[in-house]
Amino acid sequence: MSQSKTSLSSAWSSSQLNGWVIEHCPALPISRIISSSGEPIGLMLGIAISPEGQCLGKEVILNRDSESERERWVEDLAGRFFVVVKHSGGMRLYGDPSGNLSVVFNKENNALASSVALAVDDELDPAENVDIEKVATRKQFLLFGDTSDQRVTRLMPNHYLDLSNFSQHRFWPRDDTPFAELETDQDILFAQISSRMSRNVAALISAYECALPITAGRDSRIILGSAIPVLNKIKSFYCYHLNWATKIDAEVGQILAEHLSVPFLVLSRRASRVQKVMTKKEIMVELERTRLRTGWCSALRADWVRFVAASPRVQVVLRGTGIEMTRANKWRHVIGKPTNAMTGVGALLGQWQRADRTKDETVEYERQLDRYQNWMDKLPEKALPRLYDIAHLELWLPVGAAPLAYIGDFIVNPFNDRRLFHLVSAVSPRVRLTNALVKNLVAAHDTSLSAIPYHKEYVKNRNRPKAG
């Protein structure tokens, strides 16, 4: 995206809005946003679920005349997308709630793109204190908008980008957005979360040909449970059997599929469709492409490329990054500890005690400490009781965008929704740690679904000696 046509590819589509040119793969959906008076006021690229619960079509009539109303509309979108909207001061760009459709920008050439490789027009200028090989092996993390190039910055979730000067500004959570004070309405929160999640899943399945990977984990089960009312509309259910852990996924997935009477495909190393799908040379080429797509920071494995290529082709794959917040994943070791940057960085990076850290972990911890404090100081006061949830959403989840860049179909997370993130984080972390919310979401449409064991329980039962 720039103020001049770049001709990156003759096969790409091109759209214009208020002097800006947006070039993109034609397979990526685009919605033109029209005001109530018929004026073109914006573009949405990707897949977004409207506040009314339907996926946006090719044209959206937005009957919200004030700029604050339009921003509230953007705030309530879910899915994987970005939106560009006209504003009195020029143009603003808003990303999806956790940066699933990545947006990076380069102030030097006034370019925006999905990756570093598209935002620069010369050699990579390595960012200071960033080792991309350490990033690829998860010894270092690109947090706070970092990228592999010092000229390029990632758009932070819940901030808009003012295209007149490329400055970022927080628009959510607002100063009056409540969090901890909603704890008293736990049953109401559970019902709202379940309803919203089922609504998002149904919207995606109704608008696109979808696949749902099934594992033995809780995140997968939540999506599966939310999809019960529209299960017959899903094209394919499958899992990957790469190692012992995924063998358990395959066994539990088969139990779930039989319970729900849906077809289930297990893709194993020995399956002919997996062995024949790509040559070793093609896999290495794809790995290099993925590094380009992710700004030279992908840690994707070769065998994973082959499995993804062998998966049934659909338009959308439903995945659940972020659903781990339903079980308070960033709170387990910090309940009762002071809410501050030192504890926050430990929670974010999974480092709980200084004595337990390796040398690389200590260096990374100290590198992020001041930056975490600066980010924390700019949060609304009402958000601070849920500091570790907000950090997970804004700082950690964008780091997980790399796996979304591999070959295959467009991955969309029905949980990627500010309203859902808000409702879930409003539930007391102590309650979430008991898995009460998970049980509620899984059993919302089929109470017997909770009785089928998860990974740990299944392994324990599987290894228990049989009587006699």
Side-chain angles (χ1 to χ4, degrees), residues 72 75-76 78 97-99 143-144 156-159 168-197 218-219 222 321-353 365 368-400 415-441:
R72 293 282 181 146
E75 178 186 314
D76 210 19
S98 63
L143 306 174
F144 304 99
M156 290 282 288
N158 305 316
H159 293 66
Q168 297 191 68
H169 305 269
R170 178 177 293 281
F171 68 93
W172 189 88
R174 301 174 184 277
D175 289 340
D176 60 351
T177 303
F179 284 88
E181 51 266 56
L182 296 179
E183 285 182 20
T184 54
D185 297 324
Q186 177 179 293
D187 290 339
I188 294 175
L189 288 173
F190 281 16
Q192 290 176 334
I193 293 166
S194 178
S195 174
R196 182 85 172 190
M197 186 65 181
R218 286 171 169 77
D219 300 348
I222 288 173
T321 305
I323 296 183
E324 60 272 12
M325 287 176 67
T326 59
R327 54 186 189 273
N329 63 307
K330 286 295 191 286
W331 289 87
R332 189 167 302 279
H333 298 276
V334 297
I335 289 285
K337 291 187 177 182
T339 302
N340 56 37
M342 292 180 66
T343 305
V345 176
L348 186 69
L349 300 178
Q351 300 178 16
W352 312 116
Q353 296 178 353
Y365 176 92
Q368 305 294 358
L369 196 56
D370 287 343
R371 304 203 302 166
Y372 191 102
Q373 183 69 58
N374 183 56
W375 166 81
M376 175 182 165
D377 289 343
K378 295 176 182 177
L379 279 173
E381 187 175 348
K382 281 182 174 289
L384 292 180
R386 295 296 187 266
L387 175 66
Y388 309 131
D389 288 321
I390 304 296
H392 183 63
L393 167 62
E394 294 190 1
L395 306 179
W396 188 259
L397 291 185
V399 176
F415 190 78
N416 197 29
D417 178 337
R418 287 183 189 89
R419 179 64 176 158
L420 272 175
F421 284 126
H422 177 218
L423 291 170
V424 168
S425 60
V427 176
S428 165
R430 292 185 185 276
V431 171
R432 282 182 275 155
L433 283 169
T434 68
N435 279 320
L437 176 55
V438 171
K439 292 174 184 176
N440 181 280
L441 294 176

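Residues: numbered from 1 along the sequence shown. Everything numeric here is computed off the predicted structure, so don't read it as measured data.
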Where is the tightest heavy-atom contact between [X] and [Y], given as atom of each residue plus distance?
X: Pro429; Y: Ile335; result: CB-CD1, 3.8 Å
X: Met376; Y: Ala341; result: SD-N, 3.9 Å
X: Val334; Y: Ala347; result: CG1-CB, 4.0 Å
X: Val345; Y: Leu369; result: CG2-CD1, 3.8 Å
X: His392; Y: Met325; result: CD2-CG, 3.4 Å
X: Pro385; Y: Ala180; result: CB-CB, 3.9 Å

Begin from the C-alpha positions of Asp219 and Arg327 and carry the test side-chain contact (heavy atoms from CB on, under 4.5 Å) through to its verdict. CA-CA 10 Å; Asp219 300 348; Arg327 54 186 189 273; 2.6 Å; yes
If the condition is ring pair (Phe, Tyr, Trp, His ring centres under 6.0 Å), which residues does Phe171 pass it with, not counting sequence neighbours? Tyr94
How about [X] and [Y]: do any of their side-chain heavy atoms sit closer than 4.5 Å?
X: Leu393; Y: Asn158; value: yes
X: Thr326; Y: Arg218; value: no
X: Leu441; Y: Ile323; value: no
X: Val438; Y: Ile222; value: yes
X: Phe415; Y: Thr321; value: no

With sequence neighbours excluded, what pairs up with [X] under the side-chain contact (heavy atoms from CB on, under 4.5 Å) test?
X: Ala391; answer: Leu348, Tyr372, Trp375, Leu395
X: Arg174; answer: Glu71, Arg72, Glu75, Asp176, Thr177
X: Pro97; answer: Phe81, Asn416, Arg418, Phe421
X: Asp76; answer: Pro51, Arg196, Arg419

Residue pairs passing the salt bridge (Lys or Arg N to Asp or Glu O under 4.0 Å) test where at least one lies in residues 421-432, sequence neighbours excluded: Asp389-Arg432
Pairs satisfying salt bridge (Lys or Arg N to Asp or Glu O under 4.0 Å), at least one member in residues 373-383, at least two apart: Glu181-Lys382
Does Arg170 form a salt bridge (charged side-chain N to carboxylate O under 4.0 Å, His left out) with Asp175? I'd like the steps, not just the answer. CA-CA 10 Å; Arg170 178 177 293 281; Asp175 289 340; over 6 Å; no
Quick one: does [X]'s side chain have a donor or acceptor within less than 3.5 Å of a partner on [Y]'s backbone?
X: Tyr388; Y: Asn329; value: no
X: His159; Y: Pro157; value: yes
X: Gln368; Y: Leu143; value: no
X: Gln373; Y: Arg371; value: no
X: Arg386; Y: Ala426; value: yes

Any chance you could lay out the side-chain contact (heavy atoms from CB on, under 4.5 Å) test for Leu437 and Val431, step after step, and finish with the verdict? CA-CA 8 Å; Leu437 176 55; Val431 171; 5.8 Å; no
First locate atom CG of Leu182, then atom OG of Ser425, and finally report the distance between them rounded to the nearest 0.5 Å. 9.0 Å
Which residues share a side-chain hydrogen bond (donor to acceptor under 3.5 Å, both in side chains) with Gln192, sequence neighbours left out: none
Residues in side-chain hydrogen bond (donor to acceptor under 3.5 Å, both in side chains) with Asn340, at least two apart? Thr343
Got a sec, which pairs hit ring pair (Phe, Tyr, Trp, His ring centres under 6.0 Å) with one end in residues 176-197, sequence neighbours left out? Phe179-His422
Ile193/Val427 under side-chain contact (heavy atoms from CB on, under 4.5 Å): CA gap, chis, key distance, verdict: CA-CA 10 Å; Ile193 293 166; Val427 176; 4.1 Å; yes
